[in-house]
Amino acid sequence: MRIITCLTVLFFSQFISSQKNIYQSLIIDNQLKENANAVVRLDDISVSINSINDMVITKERVVTVLNKLGNDYVNAREWYNDGVEIKNIQAIIYDQLGNEIYKKKQKDFNDVSAVGGGTLYSDSRIIYLAYTPTSYPYTIKFTSEIRTKNTGNVPNWYFLNGYLVSTEKSRYKINFATPDLKPVFKEKNFENMAITKAETDNSILYEGSNITAIKRESLSPSFQKIVPQIMARMVNFYYGGYSGEIKDWKDVGLWMHNNLIQGRDELFPETKSMVHSLVANTTDDLEKAKIIYKYVQDNTRYISVQVGIGGLQPIAAVDVDRVKYGDCKGLSNYTKALLKEVGVTSYYTHVESGNYKVSFETDFPDLGAGDHVILAVPYKDKLYWIDCTSQIHPFGFIGDFTDGRQVLLIKPEGGELVTTTAYVNEENSQKITGNYTLSDDNSITAAISIKTKGVQYDDHFPMQLKSKDDIIKDYKEIWGNINNLNIENFEFNNDRENVEFTETINVSAINYGSKSGERLLFVVNAFNKNNYVPDRYRNRLMPLEIQRGYLDEDEFVINLPAGYKIEALPEPIEIENEFGSYKANVEKTKDGNSLIYSRRLLIKEGEYPKEKYEEYRTFRKDISSNDNAKIVLIKN
């Protein structure tokens with residue numbers, strides 16, 4: 001009996017211990033730890049929509065951080081503003097054995113502005129836990145509860161939080177008090193994922209389990225494009241004091257026009273007189289728009305302003321007129337008001353900004369879509385786009401920040417999805433011409449002209465705003481293949497009308513060539529050598545995506561040193577495939593004292609299956625190899 005009693009006590013003590021130490025890192029499945037900096041043990045959100053203007057969101061999140069790179073995925077934080085109340089927030093920290101070591105209450109969290117130093121004023125704030133671990137692994141359990149009247153933004157859900165992070169258990173539950181409060185959902189990238197869905201009359205529950213970490217791969221689509229996720233939105237909602245109903249994008253634009261921007265275009269009388277005098281010499285609407293845009297660029301500045309209806313409403317045009325600053329919303333609304341005053345129509349436009357192109361979902365109208373505002377000016381069946389936060393971009397040129405993506409035009413009659421200007425392949429051009437002279441002492445002198453258009457223009461023209469020292473530093477980095485490079489002088493010409501930037505540079509360098517006995521060797525492509533080769537993968541998992549194509553053209557006259565003749569030239573090469581084309585050639589001039597080098601590289605934008613990745617990699621290897629081709633000279 002004593003033996004049986006001891007065994008029973010031992011069993012229950014171990015059971016209780018295991019229950020207390022469920023967050024020890026040792027019990028995590030090895031597959032979840034593979035390629036992972038952190039493992040999300042539990043990510044649980046419950047959204048209760050009690051009425052059209054009452055939503056409660058509770059969260060429980062447990063993350064085991066395996067190393068310092070995993071600290072970024074703790075996410076022990078909540079955003080709030082005048083329309084969002086934090087009811088509860090706390091965190092518990094466990095060591096690697098699952099023993100509790102710290103308990104943090106709301107007073108232990110940092111409470112700061114949610115927007116950076118460029119913000120003049122904001123009612124958006126963030127409360128977050130700042131914890132510096134002393135050892136790894138460790139685990140944080142984070143819980144929170146918030147309440148808001150704004151049901152226009154139902155939380156979306158991601159079953160993975162980022163690259164190199166795995167998920168053990170993920171739960172997303174929506175409770176709705178009545179059928180008319182049931183959100184609309186869109187499921188994305190659920191294929192081959194262990195995600196289940198359970199639905200009742202007043203709730204929907206999604207659960208995912210044992211989702212392994214994804215490694216980032218070169219030239220793969222964005223993480224948001226491939227991760228399993230749920231988008232959610234209300235049909236009937238309340239936001240910032242206004243009710244609404246959204247069934248399509250027209251409804252979204254109509255709600256925004258009526259509640260966000262209508263009536264916010266008043267200007268001071270003296271401003272009205274001033275803008276009329278600015279355009280007095282033209283009757284053409286496009287010319288008027290260019291003049292007004294230049295005025296805004298010269299007389300306002302960008303400062304983030306996160307107030308108003310959930311941060312969505314622009315400050316009134318008269319306020320921007322008075323203080324001469326604003327955020328993207330305020331400056332766009334102000335420019336729109338100025339254009340209206342001189343009889344030019346323009347449309348306030350929501351867009352998802354960034355170098356990676358993100359379009360609005362055609363079949364999923366969403367009040368919260370977009371993080372930036374630009375203007376569209378219609379003229380002769382074409383839309384001209386302007387970003388009113390930029391003080392340097394030419395009229396009608398938006399660069400790679402908002403190019404080639406679906407956006408929402410907000411019109412008085414409702415919203416309309418359209419696509420912004422796309423700069424495609426050859427439109428993103430760079431043409432380098434010039435000549436260089438190679439001397440017997442291996443030195444080189446060169447006169448170079450670089451003309452860029454499209455996205456390549458966007459990459460180059462800001463150089464004119466830099467200091468001389470920074471410009472020289474940039475050129476030395478661009479031509480890092482040339483040792484001891486000296487930038488002797490440079491000039492810039494920014495043709496804003498044609499959106500073309502020209503750089504004229506004179507350079508010199510010692511020891512560009514190398515000698516071997518009687519021979520002198522040098523790389524023929526001195527000023528646009530492309531060494532980029534994508535990473536190699538034994539088992540590529542992701543598709544190949546080239547977001548933007550481009551065209552590089554080069555033509556140089558190469559003056560050879562006296563007393564040498566040509567022993568070997570690179571063979572002409574021409575490659576053409578679905579990814580683009582490459583052509584390079586070196587020819588002798590009639591007198592034999594010079595060479596003409598020509599090169600043309602076209603990379604096409606596109607999406608390709610993962611099986612094509614190795615073919616593209618081979619293409620880039622061939623380009624790199626030929627861009628490093630050498631000429632061999634020998635003394636007469």
Side-chain angles (χ1 to χ4, degrees), residues 265 267 271 274-302 314 317 320-321 324-351 353 355 372-405 407 409-411 418-424 427-429 451-465 492-502:
D265 55 2
L267 298 167
T271 300
M274 180 272 299
V275 293
H276 280 288
S277 66
L278 284 177
V279 301
N281 295 326
T282 183
T283 59
D284 183 80
D285 282 354
L286 191 64
E287 288 304 313
K288 288 180 181 179
K290 290 179 180 179
I291 292 167
I292 296 300
Y293 178 59
K294 185 68 166 59
Y295 170 80
V296 172
Q297 285 187 308
D298 292 343
N299 291 277
T300 64
R301 59 196 175 99
Y302 171 82
V320 178
D321 196 14
K324 296 298 185 286
Y325 60 72
D327 63 359
C328 63
K329 304 183 297 294
L331 292 175
S332 295
N333 183 60
Y334 176 57
T335 307
K336 183 177 182 296
L338 296 175
L339 290 169
K340 178 183 176 183
E341 180 61 32
V342 298
V344 177
T345 299
S346 63
Y347 301 124
Y348 189 90
T349 304
H350 273 226
V351 56
S353 63
N355 179 265
H372 190 52
V373 174
I374 56 178
L375 272 192
V377 180
Y379 181 79
K380 293 183 178 180
D381 299 322
K382 180 180 177 181
L383 291 174
Y384 290 82
W385 300 97
I386 53 177
D387 188 327
C388 303
T389 65
S390 172
Q391 295 179 305
I392 59 175
H393 280 82
F395 178 89
F397 179 75
I398 50 177
D400 63 4
F401 193 56
T402 54
D403 64 322
R405 64 202 75 190
V407 300
L409 286 186
I410 299 174
K411 300 180 177 182
V418 298
T419 301
T420 56
T421 302
Y423 308 102
V424 182
E427 294 175 326
N428 302 317
S429 66
K451 292 186 178 181
T452 48
K453 295 182 179 181
V455 171
Q456 298 219 59
Y457 167 89
D458 204 24
D459 294 337
H460 281 248
F461 90 94
M463 187 179 288
Q464 65 184 327
L465 305 174
F492 300 141
N493 178 41
N494 186 16
D495 184 347
R496 292 174 60 91
E497 187 66 27
N498 295 305
V499 194
E500 180 178 276
F501 189 64
T502 302

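In this chain, residues are counted from 1 in sequence order. Note that the structure is a prediction, hence the values are computed from the model and not measured.
Heavy atoms only, all atoms of each residue included: S332 and V373 are closest at OG-O, 3.4 Å. Taking all atoms of both residues into account, the shortest heavy-atom contact from V377 to T345 is CG1-O, 3.8 Å. Listed here is the closest heavy atom pair of S346 and K336: OG-CG, 3.3 Å. Summarising the geometry of T271 relative to Y334, their closest heavy-atom pair is CG2-OH, 4.4 Å, with the distance given to 0.1 Å. Contact record, N428 with Q456: O-NE2, 3.1 Å, taken as the closest heavy-atom pair. Across all their heavy atoms, L267 and A317 have their closest contact at CD2-CB, 4.1 Å.
In this structure a side-chain-to-backbone donor-acceptor pair under 3.5 Å is missing from Q297 to P394. The main-chain N or O of V279 is never found under 3.5 Å from a side-chain atom of T282 such that the two would form a donor-acceptor pair. Using a distance-only test at 3.5 Å, with no hydrogens or angles considered, a donor-acceptor pair links the side chain of N299 to the main chain of Y295. Side chain of K340 to main chain of D265: no donor-acceptor pair is present (N/O by atom type, distance under 3.5 Å, no hydrogens or angles). With hydrogens and angles disregarded, no donor-acceptor distance shorter than 3.5 Å links the side chain of E500 to the backbone of K453. Put simply, the side chain of T420 gets close to the backbone of G404: a donor and an acceptor are under 3.5 Å apart.
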May I have the step-by-step check of side-chain contact (heavy atoms from CB on, under 4.5 Å) for Y293 and L375, ending in yes or no?
CA-CA 10 Å; Y293 178 59; L375 272 192; over 6 Å; no
Give the intermediate values and the outcome of side-chain contact (heavy atoms from CB on, under 4.5 Å) for residues T502 and F492.
CA-CA 6 Å; T502 302; F492 300 141; over 6 Å; no
Stepwise side-chain contact (heavy atoms from CB on, under 4.5 Å) test for T421 and Y384:
CA-CA 8 Å; T421 302; Y384 290 82; over 6 Å; no
Test side-chain contact (heavy atoms from CB on, under 4.5 Å) applied to H393 and F461, step by step
CA-CA 9 Å; H393 280 82; F461 90 94; 4.0 Å; yes
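By the 4.5 Å heavy-atom criterion applied to side chains, L383 and V418 are counted as neighbours. Taking the side chain as every heavy atom from C-beta outward, E497 and K290 approach each other to under 4.5 Å.
Interatomic distance, L286 CG to I291 CD1, rounded to the nearest 0.5 Å: 10.0 Å. Taken from CG in L331 to CD1 in I386, the straight-line distance is 11.0 Å, to the nearest 0.5 Å. Atom NZ of K294 sits about 10.5 Å away from atom CD of Q391, to the nearest 0.5 Å. Distance OH/Y347 to CD1/I374: 14.5 Å, rounded to 0.5 Å. Note that CD1 of I392 and CD of Q464 are 7.5 Å apart. Values are rounded to the nearest 0.5 Å. Atom NZ of residue K451 and atom NE2 of residue H460 lie 14.5 Å apart, to the nearest 0.5 angstrom.
In the displayed structure, D298 atom CG is contacted under 6.0 Å by more than 12 heavy atoms of other residues, nucleotides or ligands. Other residues, nucleotides and ligands contribute at most 12 non-hydrogen atoms within 6.0 Å of the NZ atom of K382.
A donor and an acceptor atom, one from each side chain of N333 and Y348, are nowhere located under 3.5 Å apart.
Using the six-membered ring where Trp is involved, Y423 and F397 have ring planes that are tilted, between 30° and 60° apart. Classification of the F401-H372 ring pair by plane angle, with boundaries at 30° and 60°, yields perpendicular.
Tested against Y457 for a side-chain hydrogen bond (donor to acceptor under 3.5 Å, both in side chains), the candidates N494, N498, T452, D495 yield a single pass: N494.
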